[in-house]
Amino acid sequence: MSTTGPQILEGLNERQIEAVSTLDGPVLVVAGAGSGKTRVLTRRIAYLLEQGISPNEILAITFTNKAAREMVERVHDLVGPEASQSLWISTFHSACSRILRFHPELGRLRSGFTIYDADDSRRLIERTIRSLEFDTKRFPARAVLARISSAKADLKTPQEMAIEVHGAYDRLVATVYEAYESALIANNAVDFDNLVNSVVFGLRDNPGVREYYQRRLRYLLVDEYQDTNRAQNELIGLLAEPENNIFVVGDSDQSIYGFRGADLSNIIGFSERLPSAQTIALEQNYRSTNAILELANTLITQNAFRHDKTLWSELGQGALPVYFVADDDRGEAEFVVTQLLSLLAEGYSLRDVAVIYRTNAQSRVLEEELSKAGIPYRVVGGVRFYDRREIRDILAYLRILVNPDDDVALARIINTPHRGIGAGTQEQLQMAARTRNVSMMHALELFSAEELGLSPRAAKALLHFTELIRRLRSLVIEEAQAPAILDQVILDTEYLEMINEDDPLTAEGRLENLAELRRVASEADSLEAFLEQTALFSAIDAELDQSSMTLMTVHMAKGLEFPAVFVVGLEDGIFPHMRSLTTPSQIEEERRLLYVAVTRAKMRLFLSSARHRSFQGKVNYNPESRFVAELPEGVFVKLQDASAGAPTPARRAQPSAAEPPPYRVGDRVFHVRYGEGEVRAIRERSVDREVVVYFDAAGERVFFGSMAKLKLV
DNA sequence: AGACAGCCAATTTTT
DNA sequence: TTGGCTGTCT
């Protein structure tokens with residue numbers, strides 16, 4: 001049966017083998033960038049199974065659904081469907097959600113509870129601030145939510161927060177926090193933070209449930225451990241007792257979510273808290289050349305709060321990273337374009353290249369220059385699928401059907417599409433509901449318009465609304481399928497008509513979004529499962545465009561790799577960001593951000609800055625990033641602005657597109673790297689021309705005409 | 001109820 | 001520069 005033994009450890013280095021096969025007790029794997037941590041995690045699961053541990057006894061936790069899915073797939077490939085189906089591999093939030101579905105009382109919830117995402121939470125906070133008659137301008141909900149959220153990350157209750165207040169602002173936050181928690185319970189809802197926190201508090205208070213999970217989950221694995229907050233760490237600790245078979249994998253140098261409560265001391269202090277812990281460091285990198293790793297290593301050794309380690313690889317020295325100082329942000333973007341053209345000429349393709357920046361706003365100039373040059377690109381991030389208005393509206397309808405106490409959902413849709421229930425009426429309803437201690441939906445159902453103090457006109461509009469919800473709810477009671485309910489919502493609310501009237505230009509796109517939502521719904525087992533999925537999964541993975549380059553923030557780039565990477569905007573104020581210059585720990589996090597950015601590169605790395613740039617409508621003269629200054633001569637080549645000094649590859653003469661191409665479609669050509677092929681297309685672009693060649697051995701490649709070293713055969 | 005001008009603030013965001 | 005929100009006018 002267990003003939004898998006050798007396979008499980010096959011191709012692993014010594015450290016990795018040690019990590020995979022150290023069975024009992026706490027283990028910390030310090031896994032540098034590109035050191036094969038997912039491999040270690042998946043092989044370890046296979047190893048545990050081979051050692052006779054039941055799949056039911058294993059819980060593997062990740063931060064993202066993507067990582068969880070990837071782990072499931074890879075374990076599946078190793079151990080087959082039977083064992084892998086019984087494994088529990090999920091995100092913190094999904095795992096907690098599942099526990100709460102079985103034991104809603106742990107979080108003072110009732111079954112059918114709603115999961116609030118950040119936007120729902122913000123809205124509820126805003127309502128709370130208003131209802132306490134605080135000024136929402138002086139105390140923006142977003143800021144208050146951030147404070148509450150970081151308190152929750154530290155497992156701090158409103159009462160604990162109230163004790164430690166410094167000044168009026170803190171006092172307000174503590175007051176809002178307490179009211180917000182009550183509102184969540186009243187709405188039968190949990191926010192993301194409370195998914196974890198209520199399980200932690202619930203397990204502490206309920207020995208029976210706690211012991212059940214402790215007995216069941218004997219082997220825990222945690223991915224990206226450096227990103228855990230105190231609450232998540234506490235959850236792991238609780239579940240792991242009494243055996244303490246905790247296997248955590250992470251890299252202190254890649255902790256970039258401190259601003260959201262990630263607590264680096266979880267990983268740094270792991271072996272101090274658990275003296276029996278074994279620490280295994282993975283320092284061999286399988287991604288980058290040593291030239292890139294040397295730059296990364298020198299950069300990150302400037303940080304004090306970290307696990308000391310030095311990455312190395314067997315992938316050769318490689319090209320020295322290039323650092324370019326542009327005159328302005330446009331010049332920087334032009335640098336990216338020209339270097340990109342050379343990369344393409346060398347045989348890199350667009351999908352091999354990524355531009356990474358600190359803030360989303362930086363994408364604009366890059367996009368303009370790339371468009372100008374006719375280079376296809378995609379920007380990762382931006383408005384996410386479930387954040388689109390039409391999606392949120394329809395989901396709010398579905399939510400109110402399942403959980404009538406969800407006032408946030410109700411507020412969203414009570415007058416969407418417009419049905420004559422204005423702000424005044426809504427406020428009146430809210431007040432009336434509050435004094436009766438019921439949700440707004442229940443108030444509508446239980447009391448007459450007169451009792452609620454509503455005008456006859458408002459009463460009529462509300463009656464229509466209540467009837468609408470009642471009709472739709474009957475579908476839920478009859479256990480109709482999620483897509484059918486969704487269809488009926490769209491139909492009965494005349495939502496499509498609204499979309500059309502609203503803005504006929506975008507109507508089609510929004511319609512497509514709804515169709516996509518319906519497709520997701522059709523794959524869910526139930527309406528409840530569908531809603532849960534939409535709450536916990538942020539995006540339907542965008543199909544990777546095979547022929548465009550990628551633009552994204554450092555945060556989005558984490559976990560990814562590209563043959564060639566540009567890191568732009570290396571200026572004090574941008575990277576490190578202005579708002580992160582105050583404390584040493586903020587600066588360290590910014591430095592880790594840059595570390596994450598540069599370690600995405602496999603072969604080629606380009607860094608750049610601009611002497612001045614337009615930013616927030618004004619021209620800024622930022623000094624060069626302190627991080628660049630920290631790097632010694634020799635770890636990169638510095639290029640001056642192309643107008644100064646010797647001609648750089650950046651400004652190599654470009655034949656104008658008007659010149660006739662030296663080859664035509666159908667010609668046979670030769671390339672040093674790809675051999676012989678046939679020219680399939682020649683496309684004129686504003687800056688250059690594109691030549692598409694189909695190589696006999698290497699398939700299709702796209703070159704830029706000015707750069708391509710193609711010889712006619 | 002809806003349109004529009006004026007004002008203000010402005011990282012990063014796995015769930 | 002952008003976007004979001006508020007208050008005012010129709």
Side-chain angles (χ1 to χ4, degrees), chain A residues 61-70 90-97 115-122 126 135-138 140-143 145-146 149-150 152-153 190-196 223-224 226-229 231-232 254-262 329 356-365 368 380-384 386-387 415 417-425 461 501-502 532-539 552-560 569 573-581 586 589-590 592-594 596-597 613-620:
Chain A
I61 293 190
T62 63
F63 270 86
T64 67
N65 295 301
K66 191 177 157 201
R69 197 187 329 121
E70 195 180 313
S90 79
T91 64
F92 273 103
H93 294 86
S94 297
C96 290
S97 166
I115 298 168
Y116 279 0
D117 70 8
D119 186 65
D120 300 318
S121 301
R122 203 209 72 238
E126 181 143 351
D135 183 358
T136 51
K137 207 153 203 178
R138 282 206 355 215
R142 267 178 56 128
L145 173 60
S149 186
S150 69
K152 289 187 180 184
V190 261
D191 62 17
F192 283 146
D193 296 314
N194 280 4
L195 276 174
V196 176
D223 190 16
E224 304 278 17
Q226 78 283 350
D227 288 335
T228 51
N229 61 31
Q232 289 156 341
Q254 293 186 71
S255 166
I256 57 174
Y257 285 99
F259 71 95
R260 291 170 105 238
D329 45 352
I356 302 178
Y357 37 78
R358 177 66 239 272
T359 65
N360 285 308
Q362 289 170 259
S363 76
R364 226 181 106 222
V365 199
E368 284 169 9
V380 178
V383 185
R384 291 181 302 179
Y386 290 116
D387 286 343
N415 201 31
H418 297 302
R419 47 174 76 89
I421 305 173
T425 306
E501 282 163 31
D502 200 42
E532 170 135 344
Q533 190 185 341
T534 58
L536 294 178
F537 288 68
S538 64
M552 65 193 151
T553 63
V554 189
H555 287 90
M556 299 299 295
K558 191 178 164 205
L560 305 177
I574 303 281
F575 204 163
H577 195 273
M578 199 120 51
R579 301 263 223 146
S580 302
L581 298 174
Q586 283 179 324
E589 179 144 321
E590 294 286 313
R592 290 193 293 271
L593 272 168
L594 183 54
V596 166
R613 69 171 63 234
S614 336
F615 193 61
Q616 294 175 331
K618 289 193 284 283
V619 176
N620 285 48

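Here the structure is a predicted model, which is why all the values come from computation and not from measurement. Basis for what follows: all heavy atoms, side chains included, without hydrogens, waters or symmetry-related copies.
- Candidate nucleotides B:dG2, B:dT15, B:dT11 were compared by shortest atom distance to the side chain of A:His93, and B:dT15 ranks first.
- Contact of the A:Thr91 side chain with the A:Phe63 side chain is not registered, since no non-hydrogen atoms from C-beta on lie closer than 4.5 Å.
- Evaluation of A:Phe259 against the base of B:dT12 yields a stacking contact (centre distance < 5.5 Å, interplanar angle < 30°).
- Across B:dT15, B:dT14, B:dT13, the shortest atom-to-atom separation from the side chain of A:Phe192 is found for B:dT15.
- The side chain of A:Arg579 sits closest to B:dT11 out of B:dT11, B:dT13, B:dT14.
- Listed nucleotides: B:dA1, B:dT11, B:dT14. Nearest to the side chain of A:Arg358: B:dT11.
- Atom-to-atom, CG of A:Leu581 to C1' of B:dT12 comes out at 14 Å; the value is rounded to the nearest Å.
- Here A:Met578 lies out of heavy-atom contact (under 4.0 Å) with every strand.
- Using a 4.0 Å heavy-atom cutoff across all strands shown, A:Asn360 reaches sugar-phosphate atoms only and no base atom.
- Using a 4.0 Å heavy-atom distance criterion, A:Arg364 is classed as a sugar-phosphate-only contact.
- Across all strands shown, A:Asn65 has heavy atoms under 4.0 Å from sugar-phosphate atoms exclusively, and none from any base.
- With centroids closer than 5.5 Å and planes inclined by less than 30 degrees as the test, A:His555 and the base of B:dT12 fail to qualify as a stacked pair.
- Rounding to whole angstrom units, CD of residue A:Glu501 and C1' of B:dG2 are separated by 13 Å.
- In this structure, the CZ atom of A:Arg69 is 14 Å from the P atom of B:dT14, given to the nearest Å.
- With both ends at atom P, the span from B:dT13 to C:dG4 equals 16 Å, rounded to whole Å.
- In this structure, A:Tyr257 reaches the bases: a heavy-atom distance under 4.0 Å links it to at least one base atom across the strands shown.
- Between the CG atom of A:Leu145 and the P atom of B:dT13 there is a distance of 16 Å, rounded to whole Å.
- Each of A:Gln616 and A:Gly420 was matched to the nucleotide of DNA chain B holding its nearest heavy atom; the match closer to the 5' end belongs to A:Gly420.
- Residues A:Tyr116 and A:Phe192 keep their aromatic ring centres 6.0 Å or farther apart.
- Note on A:Asp191 versus A:Lys152: salt bridge recorded, some NZ/NE/NH1/NH2 to OD/OE distance being below 4.0 Å.
- Nearest-nucleotide positions on DNA chain B place A:His418 closer to the 5' end than the other of A:His418 and A:Leu593.
- Contact annotation: the side chain of A:Thr62 never approaches that of A:Glu224 to less than 4.5 Å [non-hydrogen atoms, C-beta and beyond].
- Within the 4.0 angstrom heavy-atom criterion, base atoms lie near A:Ser580.
- For the pair A:Lys618 NZ and C:dT2 P, the computed distance is 14 Å after rounding to whole Å.
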Worksheet item: Can A:Ser94 and A:Ser97 be said to form a side chain to side chain donor-acceptor pair (under 3.5 Å), step by step?
Response: CA-CA 5 Å; A:Ser94 297; A:Ser97 166; over 6 Å; no

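- One atom, CG of A:Asp193, and another, C1' of B:dT13, lie 12 Å apart when rounded to the nearest Å.
- The interatomic distance linking A:Phe92 (CZ) with B:dT14 (P) rounds to 16 Å, in whole Å.
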Worksheet item: A:Tyr257 and A:His555: ring-ring contact (aromatic ring centres under 6.0 Å, His included), yes or no, with the steps?
Response: CA-CA 8 Å; A:Tyr257 285 99; A:His555 287 90; 5.2 Å; yes

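- At a threshold of 4.0 angstrom between heavy atoms, the contacts of A:Gly559 with the nucleic acid are absent.
- Rounded to whole angstrom, the span from the CD atom of A:Glu224 across to the C1' atom of B:dT15 amounts to 14 Å.
- Of the candidates B:dT11, B:dT13, B:dA1, B:dT11 carries the atom nearest the A:Thr359 side chain, counting heavy atoms from C-beta on.
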